[in-house]
Amino acid sequence: MSRDDAPDDARIRVGFEGHFEEIEATKISKKDILPYQPGQPLAVVGKRLDRADAFAKVTGRAKYTYDQNPKGLLYGKIVRCPHANADVKSVDLTAARALPGVKAVVDLSEALRHKSCLYAWDSVAAVAAETEAQAAAAAAAVKVEYDVLPFAVTLDDALAPDAPAVARREQQNVVAQVPRRVPSRERWEAEQKERLAKVEALLAQAEIKVEGTFETPVQIHQSLEPHGHVCAWDGESQLTVHASTQATFAVKDQLGANRAVGAQAVRVLSEYVGGGFGSKFSPEAEGVACALLAKAAGAPVKLMLDRREESTDGGNRPDSRQKMTMALRRDGTIAATKIECWGTPGPGSGGAGANNNIIYALGEVSKREYAVRTNCGEARAMRAPGHPQGVFALEAMMDMAAEALGMDAIELRKKNDSHPIRQAEYEIGKAKIGWDQKRQKTPGAQAGPIKTGVGAASSVWYAAGGEGATVRVRIHKNGAVEARNGAQDIGTGTRTIIGMVVAEELGLELRDVQTFIGDTQDPEGPGSGGSTTAPTVTPAARLAAYRAKEQLCELAAAKLNAAPADLDLRGGQVVRKDGAALPVPMSFKEACALMTDDSIDVSEKRQRNYEGYQGQNAGVQFAEVEVDTETGIVRVKKVVAVADAGKIMNHKLAESQVSGGVIQGVSYALFERRTMDRHKGHMVNADLEMYKIAGPVDCPEIDVHLMDVYNGVNNTNVMGIGEPPNIATAAAIANAVSNAIGVRVKALPITPRAVLTALAEKEATKK
Amino acid sequence: MRPFRMAMPQSVEGACSVLKGSYKDHRVLGGGTDILSELKEGTQAPAMLVNLKAIPGLAGIAREARGLVLGALATLTDVAEHAEIKKHWPALATAAAHAATPQVRNAGTVGGNLCQRPRCWYYRHPEYPCLKKGGEICYARDGENEFHAIFDNATCNIIHPSNLAPALIAYGALVEIAGPDGKIEQVPVERFFVTPEQNITTETILEPSQVVVRVVLPAGSENAKSAFFEVREKQSYDWAVCASTVSLAMDGDVVRDARIVLSAVAPTPLRRADLEGMLKGQRITDELLAKLGEAAVAKATPLRDNKYKLILVKATLSRAIRQALKG
């Protein structure tokens, strides 16, 4: 039903199974339509459907950026700084220019506006040649003179009293984080002092006190498809870019705004993307270099990063050191929490925080946070930035508190958690993992070297989406339907669910709708960040399809002598809303044939969010592990992931998203870490062999339970689910390991070395 | 990657003569799973690869009077799935089955597994001119060394990465090496490897003009009780951080003879005659295994980040022995 057809006091039903309620539909735009309602029969949305491009992907027909091979293509290569901290004194391109096959050589310092290389493998210059080998040879022939400076590549190195300066212009290594838009820094600092004093006082008189310092490593996104572009110019002003990106429009805007690139019009295409995880929101140095090379050479250039470049200069999740102290009352409520944390964002000064004061009512909280610069590749957003690291520490604290209280770990969480969905999720997860049977009452006491245990952790996310998308729906005279939006699909299924929503509205099947995405010549779409693509795009798609349907029903109504408002589209037919038969049956195609224009062509904007049920995704995960206390090997046997994301558009795709999040979480828990060398400051494991990522045998049984929530914040009820399922996994595994062996490993990853060292330390304190 | 030429000799003699020829930097290509990654990283840049794949008779596994003969081009999958090897040389089958990934095992060969280069991340990184690459220092010694050697590491701290070698040594296998003069030399696998002190630029006794053609598991070696037990971080595609391989000849419940090989802990697979001596004539008890474990690490020289390997030597050794007795 359209909002403008609805009475002003329209009410909508929101909530989830067993917890439905009716609320007044406030803040709904007059232009929007009301959301799907519980119990409303839907033919396509909510079904388990294969992704629309599954066949193209598995047969190799899907063309990724790397697969673009326009005629006359040249290969680009970036010249990279071999020093962890250096100033560029001079760049000599002559020798490189003279090499066979070389078509362009460019100095990047002007376009990137820097003369300093603040980490090893930073970009300095770029070359393009007829073959990859010629490009590599030319890159090696670029002569760069450096002033080499001392460096710091780890948190401790950069924190040391005599640490070298990581950055320039007297920028300090340690940067205290202050919230944006603080009117007065002095006043804010004074408030923090006051708050800290209050918290210290509560800690001093705590009935129960727990404390710990937790550490997480730098994690690399390691998308299967590395960053890269294929750039081609039409004359001096028009630039066409194929990009492996999660933000087609940001690539367009940023390349368009770069003066050195100097394009008047930029078109960005990204039909298929081999993963992003937060690392691909910008053209970055390699995109700028590719555009400059193509311009200088007067020919298309492909520049993809290799795995070493991807690992060192493709972004990462910052590390963390989190010092937490918690005061609890004997009833299990939390009186106060004191937090200090540090993280390394690379040479930058922010974005390395850990979200450890979330989910639970933590009483009076004092939190101070510091970004610590290092001479390492820059951190970028990564799948729920700040959350996996923060939740690892927070949930360890919750388990330690439960132990100190002699209370069940889930009971303690429920007591301090006000989210209605998570309250339900705890019970579902407990039953599915067999919490009461498998949770060790005396951790570490099992006979024999193999110990088992279970653990849990929660998450929160904010994937309601918002304005910032327009979808165009065209119904052609021959009955063909197309849906267009310029945003990309980073593997989440955006292409599929746009088609599903449109098919649902038009009474068709998914295969009847051709969805075109990943082209900035189509209407605007969001960057795929914050898990907001689905909730941002699908309401616009539904609205556009609804308006197109109105036009088609008008044509049909004239022919059928009916009122347009009485008609609807279902099962490929024009039908009466009241269920009565039409005088003559009319198919969708027959209705389309009534058009006098070429097509019905509707573009609709995503309207603002309503004041609905919940703006947050909840989520709880449970892990079951087996730990060999002689070898230190941790096997994750099972993960139960109870997840929610508003109304689930497609259970198959959503389960796949959750499984992917869990696998990446298992990998973060047990294996992944960037290792920086202390001699020369390079990442020594910049490959997929020694940068260890969970493989098939390492993956647990994953039991995904999706809650279907009628969220009432937009017309499809949908929220995103890309990030939430990655948040709690590592924390749940760490808690399960602790439950198994009776010793807490306070740093990720939980390797054999970490387990054996923790057990040996416990043994030593016993003696 | 630097452009290179490739020779496809039709015979072993042909291969050796190409290798002896005028190309001063040539490398042998078997399955290619190691050399290709070195070419891509630039740690090796040969002008020519000598591809052995066209030489008849180097693939496959055959029973002969002298024992079981593994062709140099037999793949790790051939070894892992060979019924006789699984039954009589289980440590070898397990070691082959645990290596790398199905794709690598399908391509990687027995000869290549013995001749593969170290995985040390300094050796593999183009920006680190380590001792093996003609440089002045071992970066691992006081650098990032959680995966490095805890024995025989005074010079270079690599660990030998071969999974097959320790099992072959435990069974007393022989490696057959062909040279340009047409002669075939037979050497115990145990003596195939050299320490960094003996030759820092290579890990084996192979001369540049020689190739491995076969490995022979001698008749009689199938009667031992044997096992391979490794610890690695990942269970999919990872390198061992420590492994023990044992082969025991038993008289009832008394050990008559023993071979013990530790691997992933030193620049070569380490046969430990001292530990073997402690078992001979003994019954296996928890006390004996505990003593054995202590003796195994008594002379270890761990680095800052790899002390945990001391615990793993003990654990893998005792697990391998227990498993061998059960098997």
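Below, each value reflects all heavy atoms present in this structure, side chains not excepted, and no hydrogens, waters or symmetry copies. This structure is a prediction, so every number in the text was calculated from the model and none was measured. In what follows, every chain begins at residue 1, and chains take the letters A, B, ... in the order their sequences are listed.
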Chain B contact via [X] - side chain, backbone, both or neither, heavy atoms under 4.5 Å:
X: Pro749(A); result: neither
X: Arg307(A); result: neither
X: Leu670(A); result: neither

Residue selection (most heavy-atom pairs with chain B, distance under 4.5 Å) from [options]:
options: Asp687(A), Val634(A), Asp628(A), Thr757(A); result: Asp628(A)
options: Thr631(A), Asp677(A), Thr675(A), Thr751(A); result: Asp677(A)
options: Met676(A), Met690(A), His682(A); result: His682(A)
options: Glu630(A), Glu132(A), Arg678(A); result: Arg678(A)

key: Tyr128(B) and its ring pair (Phe, Tyr, Trp, His ring centres under 6.0 Å) partner, picked from Tyr139(B), Tyr123(B), Trp121(B)   = Tyr139(B)
Would you check if [X] and [Y] make a side-chain contact, meaning some heavy-atom pair closer than 4.5 Å?
X: Thr374(A); Y: Asp157(A); value: no
X: Lys132(B); Y: Cys130(B); value: yes
X: Glu144(B); Y: Tyr122(B); value: yes

Smallest separation among heavy atoms of Ala84(A) and Asn375(A), with atom names = O-CB, 3.3 Å
remark   = Turns out that what part of Arg232(B) lies under 4.5 Å from chain A's heavy atoms comes down to backbone
Heavy-atom proximity to chain A below 4.5 Å, by part of Asp305(B) = both
Would you call [X] and [Y] a salt bridge, taking side-chain N to carboxylate O under 4.0 Å as the test?
X: Glu672(A); Y: Lys692(A); result: no
X: Arg753(A); Y: Glu146(B); result: yes
X: Arg80(A); Y: Asp306(A); result: no

Under 4.5 Å, counting heavy-atom pairs only, tell me which of [options] racks up the most with chain A.
options: Pro3(B), Ser318(B), Ser37(B), Pro126(B); result: Pro126(B)
options: Val231(B), Ile137(B), Asn306(B); result: Val231(B)
options: Lys307(B), Lys309(B), His125(B), Glu41(B); result: His125(B)

